[in-house]
Amino acid sequence: MKGIGGRRSGSISAGGGRESVHNAKPFGANGTGVPEMAKQQQQPQQSGNDAKGIATRAADYSQWYLDIVKRAELAEHSSVRGCMVIRPQGYAIWEKMQRELDDRFKATGHVNAYFPLFIPLSFLAREEQHAAGFAKECAVVTHHRLKTIDGKVQVDPDSKLEEPLIVRPTSETIIWNQYKGWIQSYRDLPLLINQWANVCRWEMRTRLFLRTAEFLWQEGHTAHASEQEAREETHRMLGVYADFAENVMAMPVVQGAKSPGERFPGAVESLSIEAMMQDGKALQAGTSHYLGQNFAKSAEVQFLNKEGKLEYPYATSWGVSTRLMGALIMTHSDDTGLICPPKLAPIHAVIVPIFRKDDEKAKVLPACEALQQELRQAGLAVKLDDRDLHPGAKYYEWEMKGVPVRIEIGPKDLEKDSVCLVRRFVIEQPGESEDDRRKRKKSFIPRGEALAQIRGLMDSMQKELFQRALAFRESRTRVIDTLDQFEAFFKGDGGFAWVHWAGNAEQEEELAKRFETSIRCIPLASQIPDAARGAGTCILTGRPSAQRVVMAKSY
RNA sequence: CGGGGCGUAGUUCAGCUUGGUAGAACGCCUGGUUUGGGACCAGGAGGUCGCAGGUUCGAAUCCUGUCGCCCCGACCA
């Protein structure tokens with residue numbers, strides 16, 4: 001055992017509280033004909049897999065997640081409570097996410113800008129609902145100077161600010177305060193602006209990427225001349241997020257509206273995309289809000305419409321954050337480490353040279369360099385790992401870090417004019433041995449076909465990851481009509497439950513307390529599978545319900 | 001904010017009960033032999049034991065205070 005060992009067993013196994021993930025049952029137990037992406041041998045009393053320093057999902061899902069983040073060098077805790085350091089490997093993925101999203105924002109007519117980190121308290125106080133929603137968890141700046149007192153640097157008590165500044169938890173208020181100067185006429189609309197920024201929410205309990213005191217995100221803030229146009233924008237951006245999630249992250253999502261209880265403070269309607277993680281819990285992966293005229297009114301922004309009348313513009317805001325990193329990890333990765341979809345992989349392929357003697361090395365290395373060159377010219381990110389380590393050590397390392405394809409080139413390959421390609425994953429087949437699976441990952445191909453084959457692999461692996469994640473979600477999704485079924489489902493492995501709902505906020509809370517579930521979203525019509533269509537009666541109250549909602553435990 | 005745990009080498013930890021020269025493994029560096037799934041041998045570098053007081057001839061160890069982090073809960077845009 002090396003690396004992360006000791007404190008593991010038992011440390012997170014405290015009780016069967018809301019973290020149902022800690023039971024040692026294999027995942028996907030009741031999935032039929034489904035790839036067993038999460039299925040593991042049972043390893044009670046031990047996290048297993050210790051040689052690799054990664055807990056298995058079956059033994060300890062939370063630890064598995066933390067191990068991946070740590071061992072794949074994506075992020076780590078900083079010396080500041082609740083704040084993380086995003087390491088180069090993790091940041092590279094985030095940068096790719098940013099690029100993909102930013103391109104889509106631009107393609108839908110948005111431009112980037114930047115607004116201040118500090119928000120005067122009075123701005124936040126103007127929008128009551130909004131302020132109430134953020135009241136408890138903000139960082140507040142009260143002083144503006146340091147002073148050396150008795151040789152120690154301290155806050156200068158004489159530097160107290162007249163008005164405290166809030167470190168932005170989100171920027172609606174300060175942005176709309178600025179929009180006041182930008183919007184006078186219907187000709188100034190729509191105003192379509194996005195900002196990439198950090199925000200701060202003084203979270204009491206944190207988890208790397210999923211919830212930290214400071215995180216990175218983008219927030220779009222738009223202003224429109226009509227309600228309809230703003231509502232369309234809200235849906236358009238949700239669609240952008242869904243497209244990104246599914247086609248770039250290879251992560252299937254359910255698009256829907258939030259229930260009143262889960263709505264963004266100050267919003268008229270909140271939409272979200274919801275993804276299922278490998279423990280069956282839902283993770284909100286992006287939100288888009290129709291804000292009505294709330295923020296325009298509190299910031300006193302008005303415009304003259306075509307009829308020459310003064311009117312408040314209609315607003316939207318939408319955002320995704322570094323939380324997506326957590327979603328990415330928990331959607332695809334396995335017990336060997338990170339699995340990164342090709343479209344987000346900082347390195348597409350790593351070349352591992354194989355040789356014994358110096359004369360072999362002298363032949364193999366140039367061949368590796370030539371291939372690297374060829375692949376790079378074709379736009380692939382290729383790393384040649386020529387470190388003085390055993391090949392096996394390199395295999396494990398790059399698998400752990402999620403590189404999609406490994407290329408091995410050795411003396412035998414040179415003889416046969418071939419190369420060895422090893423994909424990071426294959427779709428698991430039931431009953432397959434570890435050995436068989438490993439063989440299926442590996443292929444020997446003519447050297448001349450390398451580029452085409454690798455390109456093809458990028459494509460097919462991207463698609464397979466989506467298919468695999470979708471199949472997993474389906475296997476953990478049920479249409480449920482009675483409270484008994486509901487209870488049994490969530491006492492078991494759980495997942496997404498499509499249920500009829502007509503309860504009020506209090507009843508929603510009751511359900512949350514009893515089963516630790518919540519309404520993840522009220523799906524858009526396009527999202528509802530055939531088996532879940534139609535009207536029915538509420539699972540709790542028996543009242544008539546027009547459509548089903550998705551309930552799940554959540555992050 | 002409540003409950004629990006932990007601060008000793010880069011990392012994970014032992015040592016503390018019963019005070020007496022600072023330990024292990026992994027990692028790192030050097031040299032050699034190795035290299036198609038985590039190599040081996042030899043040598044080496046690396047710690048004001050979280051911080052501040054106190055007790056003592058002597059403190060990583062005992063006492064008091066303090067700071068920080070992690071986990072669980074409340075909370076969660």
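Only this structure's heavy atoms are used, side chains among them; waters, hydrogens and symmetry mates stay out.
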**Asked** Is the distance from OP1 or OP2 of B:G38 to the nearest side-chain N or O of A:H390 less than 4.0 Å?
**Response** no
**Message:** My understanding is that only residues two or more places apart in sequence, or in another chain, count here; which of them pass ring-ring contact (aromatic ring centres under 6.0 Å, His included) with A:Y179?
**Reply:** A:W176, A:W182
**Request:** Strictly below 4.0 Å, heavy-atom distances to any atom of RNA chain B: list the hits from residues 117-129 of chain A, or just say none.
**Result:** none
**Request:** Grab the CG-P distance between A:D435 and B:G37 for me, whole Å please.
**Result:** 12 Å
**Request:** Can you tell me, in whole Å, how much space there is between the P of B:G47 and that of B:G10?
**Result:** 7 Å
**Prompt:** Of all the nucleotides listed (B:U34, B:G36, B:C70), which has the minimum atom distance to the side chain of A:D388?
**Reply:** B:U34
**Asked** Whom does B:G58 pair with, Watson-Crick or G-U wobble, provided both distances fall under 3.5 Å?
**Response** none
**Request:** Please examine the side chains of A:I54 and A:M400, heavy atoms only from C-beta on, and report whether any two atoms are closer than 4.5 Å.
**Result:** yes
**Prompt:** Using atom P of each nucleotide, how far apart are B:G5 and B:C62 to the nearest Å?
**Reply:** 16 Å
**Asked** Once you round it to whole Å, what is the distance between C1' of B:C70 and CD of A:Q63?
**Response** 11 Å
**Request:** Round to the nearest Å and state the distance from A:D385 atom CG to B:G38 atom P.
**Result:** 15 Å
**Those residues that, when tested against A:S78, pass side chain to side chain donor-acceptor pair (under 3.5 Å) (two or more places apart)** = none
**Asked** Hey, are A:E172 and A:S317 close enough side-chain-wise for a donor-acceptor pair under 3.5 Å?
**Response** yes
**Asked** Taking only residues two or more places apart in sequence or in another chain, which ones pass ring-ring contact (aromatic ring centres under 6.0 Å, His included) with A:F515?
**Response** A:F486
**Message:** Just to verify, what does A:R447 make a side chain to side chain donor-acceptor pair (under 3.5 Å) with, not counting sequence neighbours?
**Reply:** A:E374
**Request:** Could you check which nucleotide pairs with B:U18 in any of the strands shown, counting Watson-Crick or G-U wobble with both distances under 3.5 Å?
**Result:** none
**Atom-pair distance (CE on A:M84; P on B:C70), nearest Å** = 13 Å
**Prompt:** Nearest-Å distance, CZ (A:R323) to C1' (B:C76)?
**Reply:** 9 Å
**Prompt:** Does the base of B:C76 carry an N or O that pairs as donor and acceptor with the side chain of A:R211 under 3.5 Å?
**Reply:** yes
**Item:** A:E397 or A:P353, whichever maps to the more 5' nucleotide of RNA chain B
**Value:** A:P353
**Message:** For the C1' atoms, the ones on B:A59 and on B:G50, what distance do you get once it is rounded to whole angstrom?
**Reply:** 16 Å
**Prompt:** Which whole number of Å gives the distance between the P atom of B:A25 and that of B:A42?
**Reply:** 12 Å
**Message:** Between B:G46 and B:C41, how far apart are the two P atoms, rounded to whole Å?
**Reply:** 24 Å
**Request:** Scan every strand shown for a Watson-Crick or G-U wobble partner of B:G68, both distances under 3.5 Å, and answer none if you come up empty.
**Result:** B:C6
**Atom of A:P353, atom of A:V364 and distance for their closest heavy-atom approach** = CB-CG1, 3.7 Å
**Message:** Tell me which nucleotide, if any, is Watson-Crick or G-U wobble paired with B:U30 when both distances must be under 3.5 Å.
**Reply:** B:A42
**Complete:** The ring-ring contact (aromatic ring centres under 6.0 Å, His included) partners of A:W64 (sequence neighbours excluded) come to A:Y61
**Complement of B:G47, any strand, by Watson-Crick or G-U distances under 3.5 angstrom** = none
**Asked** Does B:G37 have A:Y395 stacked on its base, where the ring centres are within less than 5.5 Å and the planes differ by under 30°?
**Response** no
**Request:** May I ask you to decide whether A:R231 forms a salt bridge with A:E269, counting only side-chain N to carboxylate O separations under 4.0 Å?
**Result:** yes
**Request:** Determine the Euclidean distance between corresponding P atoms of B:A74 and B:G37; express it in Å to zero decimal places.
**Result:** 49 Å
**Prompt:** What pairs with A:R168 under salt bridge (Lys or Arg N to Asp or Glu O under 4.0 Å), at least two apart in sequence or on another chain?
**Reply:** none
**Prompt:** Residues from residues 403-410 of chain A sitting under 4.0 Å of RNA chain B, heavy atoms only?
**Reply:** A:R406, A:E408, A:G410
**Complete:** From CD of A:E360 across to C1' of B:U35 the rounded distance in Å is 10 Å
**Prompt:** From the list B:C70, B:G36, B:G37, which nucleotide is the closest neighbour of the side chain of A:R81?
**Reply:** B:C70
**Item:** Residues which pass salt bridge (Lys or Arg N to Asp or Glu O under 4.0 Å) with A:D156, listed by chain and number, not counting sequence neighbours
**Value:** A:R145
**Request:** Check whether any side-chain nitrogen or oxygen of A:R205 sits under 4.0 Å from OP1 or OP2 of B:G73, and answer yes or no.
**Result:** yes
**Spacing of the C1' atoms in B:A60 and B:C16 (rounded, Å)** = 7 Å
**Message:** Let's see if you get this right: which residues in residues 412-421 of chain A place a heavy atom under 4.0 Å from RNA chain B?
**Reply:** A:K412, A:D413, A:C420
**Asked** So, is A:R356 near the phosphate of B:U35, with a side-chain N or O under 4.0 Å from OP1 or OP2?
**Response** yes
**Asked** Touch check for A:P265, heavy atoms < 4.0 angstrom, all strands: base, sugar-phosphate only, or nothing?
**Response** sugar-phosphate
**All salt bridge (Lys or Arg N to Asp or Glu O under 4.0 Å) counterparts of A:E508, not counting sequence neighbours** = none
**Request:** Output all residues satisfying ring-ring contact (aromatic ring centres under 6.0 Å, His included) with A:F264, sequence neighbours left out; order by chain, then residue number.
**Result:** A:H130, A:H289
**Request:** Measure from CD on A:E203 to C1' on B:C70 and round the result to the nearest Å.
**Result:** 17 Å
**Message:** Rounding to an integer number of angstrom, what distance separates B:A52 and B:G7 when you compare their C1' atoms?
**Reply:** 16 Å
**Prompt:** Ignoring hydrogens and geometry, is there a side-chain-to-backbone donor-acceptor pair from A:S433 to A:D436 under 3.5 Å?
**Reply:** yes
**Request:** Using atom CZ of A:R387 as one end and atom C1' of B:U34 as the other, report the distance to the nearest whole Å.
**Result:** 17 Å
**Message:** Between A:H77 and B:C70, is there a contact of a side-chain N or O with OP1 or OP2 at under 4.0 Å?
**Reply:** yes
**Prompt:** Does the separation of the ring centres of A:W318 and A:H235 fall below 6.0 angstrom?
**Reply:** no
**Request:** Using both distances under 3.5 Å as the test, list the Watson-Crick or G-U wobble partner of B:A25, or none.
**Result:** B:U11
